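Numbers restart at 1 for each chain; the letters A, B, ... are given by sequence-line order, proteins then strands. All values reported here derive from a predicted model rather than from experimental measurement.
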Amino acid sequence: MNPLTFEQLVTHLTSTGFVFQGSEIYGGLSNTWDYGPLGVELINNLKRTWWKKFVQESPMNIGVDSAILMNPRVWEATGHVATFNDPLVDCKNCKTRHRADQLIAAARPNMDISKIPAQALGTVLKDEKIACPKCGSHDFTDIRQFNMMFKTHIGVIEDAKTVVYLRPETAQGVFVNFKSIQRTTRKKVPFGVASVGKAFRNEITPGNFTFRTREFSQMELEFFCKPGTEASWYKFWQDACMQYLTSLGIQSKHLRIREHSPEELAFYSKGTSDIEYQFPFGWGEVWGIASRTDYDLKQHMQFSKEDLHYLDPETNEKYIPYVIEPSLGLDRLALMILSDAYQEEVLEKDTRVVLKLHPAIAPYKIAILPLSKQLNEKSQEVMTILSKHFMVTYDESGSIGKRYRRQDMIGTPYCVTIDFDTQNDQSVTIRERDSMKQLRMPIDDLIRYFNVKLFY
RNA sequence: GCAGGUGUAGUUCAGUGGUAGAACAUUAGCCUUCCAAGCUAAUUACGCGGGUUCGAUUCCCGUCACCUGCUCCA
């Protein structure tokens, strides 16, 4: 099998209806993508399996769904308002881009960067005659502030008081609700709160199809534990994440865990690891597992003046819980699943494209295929029965072989064929995608059979 | 944002200063009863906007989008 190229994958996904370019008829909008009829099913299935593993089957965890718009003070507390303003300059000579504060820090180690107001960085850059590290030239553009948060306004009047941000991460929706969640669920630490939703970052360089976009979905778990126990929970959730990916059939040779080096860590972090996947364009982060200490709750305590301590009912100890945060990008997960599932199988006469998707996440579980259009009525009956339980599709045009191929291309794990014997024996033929094997089965047994086969 | 590349049906490709062809795909009909059959029709494209020109898909400029690299990613 030839190695999958990225363009091949993108072509396949856009031409089958998994993904479309955003606002396509208007010439598109940079780096926006829509999920088509197949994509939305996949996405929903991924959310469902993730929620099942991390909420339904994890008695320690519960869920929350918080608003995208939050009080702007939230982002002051987290430091996003401040640190999202990177002072960037371009070298006019060699066209490279740099952070002005970092240039100054590197060239003048004795200077205290934190004392320089952001507006003055450009002047300092000039006065100190700091050179471009790449070409040595002194010709920089003015500083341009890139606030990575999308800004908008509440109400119709746009002034500073009405500014709100689109959340750059879903995590804060959990932290600000920490007290309410704990009180209403009466959960004892350790417990976790799962959240799925959209987040927005005005990335400087998006790209690689749906891998890095400015609008994306996150599936995050904030797991609260007693300080001192975070190391073992960190490992625990890291293992759980890997198990989840393997349970979806991701090939382990395409997965690796990369621990961040101490220099790489955010100042509050006690450890971060990325689960990376080998995409057709290279290794890319899919899931970040971060040990965030009590940073977030502490910050919110300070800024909101609310007491976010947890009182351990057994020991009467009062403490701010530590947090382990496995944060998964849904769009990246989907892209990973699709990259991993795409295969071209060379048969005797020709080649078929197969998406070897795990049955639990395949857009369509079952395709109903009448062998002849005369069998339409009976087929519709079978479809009505199955569609109450499973996402099914129906196809009556073209030869049966062609219809099997169509389903292979989009990852449908099972085809149910209605033939002329069906009327007599009340049975159908099940054709399995991966083995291409066939099985005769009474219609009455189908639901039980597929419930087992499609279980996740 | 910078540099380079690309842009013709859904896909893969032709082609031309006088508004475009094919294959596959799609739809309908005939035929066909379990792994891309055949036959007959049909639908669908020059990314967008300017300029030059009698006339632009073709030449020029701009723009938009995608790809690669750089920079960035709390």
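- When the C1' atom is compared between B:G4 and B:G38, the two are found 48 Å apart, to the nearest whole Å.
- For the P atom pair drawn from B:U11 and B:A25, the interatomic distance equals 15 Å after rounding to whole Å.
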I need a per-nucleotide contact map over nucleotides 32-39 of chain B, read 5' to 3'. Cutoff is protein heavy atoms under 4.0 Å; write B for the base, S for backbone only, - otherwise. -BBBBS--
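- Looking only at distances, no side-chain donor or acceptor of A:Arg201 sits under 3.5 Å from a matching main-chain atom of A:Met148.
- The main-chain N or O of A:Glu325 is never found under 3.5 Å from a side-chain atom of A:Ser327 such that the two would form a donor-acceptor pair.
- Applying the salt bridge (charged side-chain N to carboxylate O under 4.0 Å, His left out) definition to pairs two or more places apart or across chains, those involving residues 356-371 of chain A are A:Glu345-A:Lys356.
- One finds the CG atom of A:Asn208 at 9.5 Å from the CG atom of A:Asn31 (value rounded to the nearest 0.5 Å).
- Residue-level contact check: A:Arg403 touches neither bases nor backbone, having no heavy atom under 4.0 Å from any strand.
- Listed for the A:Arg256 side chain is no donor-acceptor partner under 3.5 Å among the backbone atoms of A:Trp283.
- Here the separation of B:G15 from B:U53, taken at their P atoms, is 29 Å to the nearest Å.
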Sugar-phosphate or base contact per nucleotide [nucleotides 6-14 of chain B; S, B, -; heavy atom under 4.0 Å]: ----SSS--
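- Remark: P of B:C66 and CD of A:Glu24 are 11 Å apart, rounded to the nearest angstrom.
- The aromatic rings of A:Phe175 and A:His300 lie tilted to each other, with the angle between the two planes from 30° to 60°.
- A sub-4.0 Å separation between OP1 or OP2 of B:C72 and a side-chain N or O of A:Arg201 is absent.
- Residues A:Arg352 and A:Asp408 are paired through a salt bridge, judged by an N-O separation under 4.0 Å between the basic side chain and the carboxylate.
- Comparing the same atom, P, in B:G18 and in B:A36 gives a spacing of 44 Å after rounding to whole Å.
- A:Asn61 meets the side chain to side chain contact (heavy atoms under 4.5 Å, CB included) test with A:Ser58, A:Leu221, A:Phe223, A:Trp237; sequence neighbours excluded.
- With A:Gln8 contributing its side chain and A:Thr5 its backbone, the two residues share a donor-acceptor pair below 3.5 Å.
- Look at the P atom in both B:U6 and B:G62: the space between them is 16 Å, to the nearest Å.
- Atom-to-atom, CG of A:Leu9 to P of B:C66 comes out at 16 Å; the value is rounded to the nearest Å.
- The same atom, C1', is picked in B:U57 and in B:G50; the two are 16 Å apart, to the nearest Å.
- Atom C1' of nucleotide B:U68 and atom CZ of A:Phe279 are separated by 18 Å, given to the nearest angstrom.
- OP1 and OP2 of B:C73 both lie 4.0 Å or more from every side-chain N or O belonging to A:Asn202.
- Nucleotide B:U68 holds its P atom 12 Å from the CZ atom of A:Phe209, rounded to whole Å.
- Between the C1' atoms of B:U8 and B:C48, the separation comes to 15 Å (whole Å).
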Hey, what are the protein-to-nucleotides 61-65 of chain B N/O distances that come in under 3.5 Å?
unit_1, atom_1, unit_2, atom_2, d
B:C64, O2', A:Gly27, O, 3.0
B:A65, OP1, A:Ser30, N, 3.0
B:A65, O4', A:Gly27, O, 3.3
B:A65, O3', A:Gln21, NE2, 3.0
B:A65, O2', A:Gln21, NE2, 2.7

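- Side-chain atoms of A:Tyr404 and A:Thr412 include no donor-acceptor pair closer than 3.5 Å.
- Where RNA chain B pairs in unbroken runs of 3 or more (Watson-Crick or G-U, both distances under 3.5 Å), the stems are B:1-7 with B:64-70, B:10-13 with B:21-24, B:26-30 with B:38-42, B:47-51 with B:59-63.
- On the P atoms, B:A56 is 26 Å away from B:U43, given to the nearest whole Å.
- How far OG1 of A:Thr393 is from CD1 of A:Ile410: 6.5 Å, rounded to the nearest 0.5 Å.
- If you measure from atom CD of A:Glu203 to atom P of B:U71, you get 16 Å, rounded to the nearest angstrom.
- The nearest whole Å value for the distance from the CG atom in A:Asp395 to the C1' atom in B:A25 is 13 Å.
- Taking the six-membered ring wherever Trp is involved, the centroid distance between the rings of A:Tyr342 and A:His12 falls below 6.0 Å.
- A:Ser435 places a side-chain N or O within 3.5 Å of a backbone atom of A:Lys437 that can act as its donor or acceptor partner.
- Across A:Phe20, A:Phe209, A:Phe18, a single residue satisfies ring pair (Phe, Tyr, Trp, His ring centres under 6.0 Å) together with A:Trp33, and that is A:Phe209.
- With 3.5 Å as the limit, one finds no donor-acceptor pair spanning the side chains of A:Glu381 and A:Thr384.
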